[in-house]
Peer 1: 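Before anything else, here's the structure in question.
Each chain gets a letter, A, B and so on, in the order its sequence line appears, and its residues count up from 1.
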2 protein chains.
Amino acid sequence: MWLIMLQLRDLPTPEVLQRFAQRYPAADVTAIASFLMLLRVATDLSVALDACLSKHELLQGRWWVLILLMRETDLTSTPSVLAEKLGVTRATMTGLLDGLEQGSLVQRISVPEDRRSVKIRLTAAGQAKLDAVMPDYYTRLRQCMRGLSEQQRNDLQAILGVIDHGMSAWDFNQSI
Amino acid sequence: MWLIMLQLRDLPTPEVLQRFAQRYPAADVTAIASFLMLLRVATDLSVALDACLSKHELLQGRWWVLILLMRETDLTSTPSVLAEKLGVTRATMTGLLDGLEQGSLVQRISVPEDRRSVKIRLTAAGQAKLDAVMPDYYTRLRQCMRGLSEQQRNDLQAILGVIDHGMSAWDFNQSI
DNA sequence: TTGACATAATTAGCCAGCTAACTATAATGT
DNA sequence: ACATTATAGTTAGCTGGCTAATTATGTCAA
């Protein structure tokens, strides 16, 4: 579920793009340029986020779990649901929860009604950790986005929505 | 160079965002919403790319290396420069090149002028591999972006540029 | 010219994701 | 009732990033 991608420090020059487009007629240079820049900025953001969280002794995966729990009105969820929402396997979620429970940021609570299942609850310490981290994170994020007008923020979300929709075509014949 | 991030399948509802903004006054809801969507779409793209490449028995990291080499007019570079351009450590690059050399897609050539250094060259097999992969990749990418007007592609790149610039503020007092 | 430092690449070992296999429990259908 | 199937969570082992240390070579200044 990680945006683990190389940071691609080096975007192609227009000349290089042109050369690729000549060799490969399927190439759409403005699509490629947009795609590469999107990946690069997103990766940079993710790396910056890691750096911010590490100052609070948190890893990105565990932090997202805390946030997902805080989104719930009863501060509670289950490993399966959390894994689904975070886009990781349940095995990975087990590991994330082990780490968080070790730090007493969440607790596992057994569920009598279904003895296969476990409830995960954000502890007071977990909430306190978020209260320490979130203002820092939000402040940085605000700085990061401060150059964007309200119009541009809307545009960005609309554009991303179009890409997201177009992506369903990516896998159109994946099953080869 | 990896965008390794969780897939964040589950974006917060406006109500949840509002609740967070009340608890944390530093929050800027439109900045947060844009940020989360950006991360999600980028991760989805990266995952889709992985799927596309795996059909050609390539991993993303190695594939980017091949592309970086093909960008050079002499199809040649060095491990250090490639690592820099890809945003990975030189240790990681050693591993990527080991894999590529194993598959005969690149070759290491010793450099008499500086015996510490090695030249990496894209082989004919490496070029052939790219010739097989790139049309597939470009076709999918074109599909993915087909919903975006020329205007929107320009807007996207401009917006990403602003974010990229704003990001320098992210680390403004990183050195604690 | 030689000792201190810088640079290129590699190696060894860590870490957090992954898949696949497993245990336990629940649901379903004959 | 009971065998089959599905589901929740975990465990074991793999992978491809990472950092830190290592080897070899080059550079520079006293």
Peer 1: What is the distance, rounded to the nearest whole Å, between atom CG of Leu53(A) and atom P of dC15(C)?
Peer 2: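 From Leu53(A) CG to dC15(C) P: 18 Å.
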
Peer 1: Would you list the pairs meeting salt bridge (Lys or Arg N to Asp or Glu O under 4.0 Å) in which at least one residue belongs to residues 14-31 of chain A, sequence neighbours left out?
Peer 2: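 Applying salt bridge (Lys or Arg N to Asp or Glu O under 4.0 Å) to every pair that reaches into residues 14-31 of chain A, excluding sequence neighbours, yields Arg23(A)-Asp131(B), Asp28(A)-Arg153(B).
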
Peer 1: Give a yes/no on whether any side-chain N or O of Thr94(A) is located under 4.0 angstrom from OP1 or OP2 of dG9(D).
Peer 2: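 Looking at the OP1 and OP2 atoms of dG9(D), neither is under 4.0 Å from any side-chain N or O of Thr94(A).
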
Peer 1: What is the distance from CH2 of Trp63(B) to C1' of dG16(D), rounded to the nearest Å?
Peer 2: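 Going from CH2 in Trp63(B) over to C1' in dG16(D) covers 18 Å.
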
Peer 1: Using whole Å, what does the distance between atom P of nucleotide dG9(D) and atom CD of Glu84(A) come to?
Peer 2: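 Nearest whole value for this atom pair: 12 Å.
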
Peer 1: For a quick test of reading the model: is some side-chain N or O of Arg108(A) closer than 4.0 Å to OP1 or OP2 of dT10(D)?
Peer 2: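 Result: yes.
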
Peer 1: Sequence neighbours excluded, which residues qualify as side-chain contact (heavy atoms from CB on, under 4.5 Å) partners of Arg116(A)?
Peer 2: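 So Arg116(A) forms a side-chain contact (heavy atoms from CB on, under 4.5 Å) with Asp114(A).
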
Peer 1: So do the side chains of Trp63(A) and Leu49(A) get within less than 4.5 Å of each other, counting heavy atoms only?
Peer 2: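 Heavy-atom side-chain distance check passes, below 4.5 Å.
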
Peer 1: For Trp64(B) and dG16(D), give me the distance from atom CH2 to atom C1', rounded to whole Å.
Peer 2: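 For the pair Trp64(B) CH2 and dG16(D) C1', the rounded distance is 17 Å.
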
Peer 1: With respect to the side chain of Ser80(B), which nucleotide from dT11(C), dA20(C), dA8(C) is positioned closest?
Peer 2: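 In terms of side-chain proximity for Ser80(B), the closest of dT11(C), dA20(C), dA8(C) is dA8(C).
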
Peer 1: Considering only heavy atoms from C-beta outward, does the side chain of Leu122(A) approach that of Leu105(A) to under 4.5 Å?
Peer 2: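 Counting from C-beta outward, Leu122(A) and Leu105(A) never come under 4.5 Å.
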
Peer 1: Whole Å only: how far is the CG atom of Asp98(A) from the C1' atom of dA8(D)?
Peer 2: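 Whole-Å distance recorded here is 15 Å.
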
Peer 1: Return the value, rounded to whole Å, for the distance between atom CZ of Arg90(B) and atom P of dT19(D).
Peer 2: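 So the two atoms are 12 Å apart, to the nearest Å.
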
Peer 1: Which salt bridge (Lys or Arg N to Asp or Glu O under 4.0 Å) pairs, counting each pair once, include a residue from residues 72-84 of chain B, with sequence neighbours left out?
Peer 2: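 Passing the test, one end in residues 72-84 of chain B: Glu72(B)-Lys85(B).
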
Peer 1: For Glu101(B), what residues pass the side-chain contact (heavy atoms from CB on, under 4.5 Å) criterion, not counting sequence neighbours?
Peer 2: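 Applying side-chain contact (heavy atoms from CB on, under 4.5 Å) to Glu101(B) gives Val106(B), Arg108(B).
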
Peer 1: Among all residues two or more places apart in sequence or in another chain, which pass the side chain to side chain donor-acceptor pair (under 3.5 Å) test with Thr89(A)?
Peer 2: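 If we apply the side chain to side chain donor-acceptor pair (under 3.5 Å) test to Thr89(A), skipping adjacent residues, the hits are Thr92(A).
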
Peer 1: Starting at atom CD1 of Ile109(B), determine the distance to atom C1' of dA8(C), rounded to an integer number of angstrom.
Peer 2: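 Nearest whole value for this atom pair: 17 Å.
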
Peer 1: Looking at dT10(C), dA16(C), dT10(D), which one has an atom nearest to any side-chain atom of Leu59(A)?
Peer 2: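 Of the candidates, dA16(C) comes closest.
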
Peer 1: Rounded off to whole Å, could you give me the CG-to-C1' distance for the Leu96(A) and dG17(C) pair?
Peer 2: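 After rounding, the gap between these two atoms is 9 Å.
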
Peer 1: On the nucleotide dG17(C), are OP1 or OP2 found under 4.0 Å from the side-chain N or O atoms that Thr92(A) carries?
Peer 2: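 No, because none of the side-chain N or O atoms of Thr92(A) sits under 4.0 Å from OP1 or OP2 of dG17(C).
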
Peer 1: Could you check which residues of residues 110-123 of chain A get a heavy atom under 4.0 Å from DNA chain D? Sort them by number, please.
Peer 2: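 Per residue number, the list reads Arg116(A), Ser117(A), Val118(A).
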
Peer 1: Quick one: bend of the helix from dT1(C)-dA30(D) to dT30(C)-dA1(D) from 5 pairs per end, to 10°?
Peer 2: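 It works out to 0° between the end axes.
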
Peer 1: Sequence neighbours left out, what passes side-chain contact (heavy atoms from CB on, under 4.5 Å) with His165(B)? Give chain and number order.
Peer 2: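 For His165(B) there are no side-chain contact (heavy atoms from CB on, under 4.5 Å) partners, ignoring immediate neighbours.
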
Peer 1: For Ser149(A), what residues pass the side-chain contact (heavy atoms from CB on, under 4.5 Å) criterion, not counting sequence neighbours?
Peer 2: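 If we apply the side-chain contact (heavy atoms from CB on, under 4.5 Å) test to Ser149(A), skipping adjacent residues, the hits are Gln151(A), Gln152(A).
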
